[in-house]
Amino acid sequence: MTNTQENARWGELLHSAVHTPGKLLAAYTAFHNYSFGNALLALEQCISRGIEPGPLNSYRGWLGLNRQVRKGEKGLCLCMPLTYKKSTKDKVADANEEDGEEQKEVRRRFVYRNYWFVLSQTEGDTPYGQSIPVFELDGALQSLGISRIAFDETNGNVQGFARQREIAINPIAELPLKTTFHEIAHIVMGHTTSQSLVDSEYMDCNIREVEAESVALICCESLGLPGAEAARGYIQHWLQDDKEIPNRSAARIFTAAQTILKAGNSKEDSALCCGDSSSVARAEMY
């Protein structure tokens with residue numbers, strides 16, 4: 001599969017997630033150890049095949065956990081990186097040398113393989129449970145090297161802003177958590193490298209704002225936090241104007257969201273479900 005085809009697949013998955021409330025939460029809850037693209041791929045296959053979503057592992061991985069994949073079960077198809085070496089020849093400076101020195105260049109491409117099975121496709125006497133990491137906003141900011149600074153904008157419509165590796169959130173922002181994820185996304189995606197980005201209540205419809213708002217949607221819905229519906233509404237409104245989120249942007253959005261959520265995963269695990277007040281409290285710490 002080419003990079004263009006790969007990016008197109010992520011574009012389809014993002015479009016589906018934007019228009020299907022609850023899909024991101026379900027994918028993250030069941031498959032949080034995998035990338036968002038693969039989590040959504042796995043969820044789609046479970047739904048279409050009537051399989052209960054749950055912990056995911058390879059055939060050998062389940063054997064290592066003393067569980068056996070049931071006979072006749074078909075594996076789920078996920079995207080995986082394949083690393084290989086390609087021979088190259090470098091021409092030496094000496095004109096008398098006709099042949100250059102052969103070297104091995106390491107390259108990587110992505111392929112789809114049916115190597116994975118969910119817990120409901122296995123059997124065994126050994127019980128298996130999977131906890132979901134608790135998200136800590138302060139930990140995420142520290143891991144990402146992002147600092148909070150005082151909000152000093154005089155325009156009351158400004159919800160927050162990001163510059164370089166700093167963010168500031170309006171103390172009376174309507175949805176402070178969504179705005180926080182939005183501003184973090186600007187930094188993680190490299191939007192603030194050369195300028196400061198100020199986000200008002202009515203944001204301009206440009207692709208950087210859509211990218212950041214899409215990351216905010218993924219993070220809020222995955223964690224069961226308020227703000228997902230507002231983000232979804234903004235993105236859907238933008239899409240109605242005969243616009244599309246570029247496929248390359250979709251891949252970047254998934255990567256940025258995964259980076260932020262991984263950065264905030266604490267060592268302590270607990271079961272996380274929609275509306276879990278303990279998880280929300282962790283994310284709201286300022």
Side-chain angles (χ1 to χ4, degrees), residues 3-4 6-21 23-24 36-37 40 140-141 144-149 151-170 172-222 225-261 263:
N3 288 336
T4 300
E6 176 68 19
N7 288 335
R9 184 53 172 153
W10 300 147
E12 294 171 5
L13 289 172
L14 180 60
H15 187 276
S16 175
V18 167
H19 289 83
T20 311
K23 192 168 189 177
L24 289 163
F36 268 107
L40 289 170
L141 291 171
L144 296 170
I146 298 174
S147 302
R148 291 195 187 98
I149 59 174
F151 183 82
D152 56 7
E153 285 287 334
T154 58
N155 184 344
N157 289 326
V158 172
Q159 302 292 289
F161 64 82
R163 63 188 181 206
Q164 298 301 317
R165 303 201 68 80
E166 299 174 330
I167 63 170
I169 309 301
N170 190 330
I172 59 172
E174 183 179 359
L175 294 165
L177 286 174
K178 180 186 78 69
T179 302
T180 299
F181 283 123
H182 182 103
E183 304 305 340
I184 294 174
H186 275 313
I187 295 175
V188 171
M189 302 186 82
H191 297 166
T192 61
T193 302
S194 58
Q195 62 180 305
S196 173
L197 293 176
V198 176
D199 293 306
S200 65
E201 185 178 356
Y202 303 103
M203 295 179 296
D204 293 333
C205 293
N206 62 65
I207 192 59
R208 288 185 308 186
E209 294 302 326
V210 172
E211 286 184 344
E213 194 73 351
S214 296
V215 173
L217 166 61
I218 292 175
C219 292
C220 287
E221 184 165 75
S222 296
L225 298 173
E229 285 309 307
R232 177 174 283 107
Y234 169 77
I235 298 167
Q236 289 178 344
H237 177 75
W238 189 83
L239 292 172
Q240 288 176 353
D241 297 332
D242 295 325
K243 298 177 181 178
E244 294 182 356
I245 298 176
N247 292 324
R248 179 173 294 183
S249 286
R252 282 163 39 81
I253 288 164
F254 281 129
T255 299
Q258 188 79 4
T259 298
I260 294 169
L261 291 176

* Asked: Using a distance-only test with no angle check, is there a side-chain donor-acceptor pair under 3.5 angstrom linking His182 and Gln159?
  ->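 No pair is found: no donor N or O on one side chain lies under 3.5 Å from an acceptor on the other.
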Please check: side-chain N/O of [X] versus main-chain N/O of [Y], any donor-acceptor pairing under 3.5 Å?
X	Y	result
Glu166	Ile146	no
Ser16	Glu12	no
Arg165	Leu144	yes

* Asked: What do the steps show when you test Ile207 against Ser249 for side-chain contact (heavy atoms from CB on, under 4.5 Å), and what is the final call?
  -> CA-CA 8 Å; Ile207 192 59; Ser249 286; 3.8 Å; yes
Would you give the length of the straight line joining atom [atom1] of [X] to atom [atom2] of [Y], rounded to the nearest 0.5 angstrom?
X	Y	atom1	atom2	result
Gln164	Thr193	CD	OG1	7.0 Å
Leu141	Ile184	CG	CD1	4.5 Å
Glu213	Cys220	CD	SG	8.5 Å
Ile253	Ile235	CD1	CD1	7.5 Å
Ile218	Leu24	CD1	CG	5.5 Å
His19	Gln236	NE2	CD	4.5 Å

* **Candidate list His186, Glu183, Arg208, test side chain to side chain donor-acceptor pair (under 3.5 Å), partner His191, passing option** =>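 Result: among His186, Glu183, Arg208, His186 is the only option passing the side chain to side chain donor-acceptor pair (under 3.5 Å) with His191.
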* Asked: With a 4.5 Å heavy-atom cut-off, do Phe36 and Leu13 have their side chains touching?
  -> no
* Validation row: Glu209, Trp238 side chains within 4.5 angstrom (heavy atoms) ->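 In short, these two side chains do not touch, never coming nearer than 4.5 Å.
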* To do: Mind checking side-chain contact (heavy atoms from CB on, under 4.5 Å) for Leu175 and listing every partner two or more places apart, or none if nothing turns up?
  =>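 With neighbours one apart ignored, the set is Lys178, Ala230.
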* With sequence neighbours excluded, tell me which residues meet side-chain contact (heavy atoms from CB on, under 4.5 Å) with Thr255. => Thr259
* salt bridge (Lys or Arg N to Asp or Glu O under 4.0 Å): which pairs involve residues 227-240, sequence neighbours left out? -> Glu221-Arg232, Glu229-Arg232
Testing the basics here: between [X] and [Y], what is the closest heavy-atom pair and its distance to 0.1 Å?
X	Y	answer
Leu261	Ser222	CD1-CB, 4.1 Å
Leu40	Ala17	CD1-CB, 4.3 Å
Ala140	Ile260	CB-O, 4.0 Å
Val158	Phe151	O-CZ, 3.5 Å
Phe161	Ile149	CE1-CD1, 3.8 Å

* Asked: Under the side-chain contact (heavy atoms from CB on, under 4.5 Å) criterion, do Phe181 and Leu217 qualify, and how do the steps go?
  -> CA-CA 9 Å; Phe181 283 123; Leu217 166 61; over 6 Å; no
* To do: Kindly indicate, with the supporting measurements, whether the criterion side-chain contact (heavy atoms from CB on, under 4.5 Å) is fulfilled by Leu239 and His15.
  => CA-CA 9 Å; Leu239 292 172; His15 187 276; 4.3 Å; yes
* Evaluate the side-chain contact (heavy atoms from CB on, under 4.5 Å) criterion for residues Asn170 and Glu153: first the C-alpha distance (whole Å), next the side-chain angles of each, then the deciding distance (0.1 Å), finally the verdict. => CA-CA 8 Å; Asn170 190 330; Glu153 285 287 334; over 6 Å; no
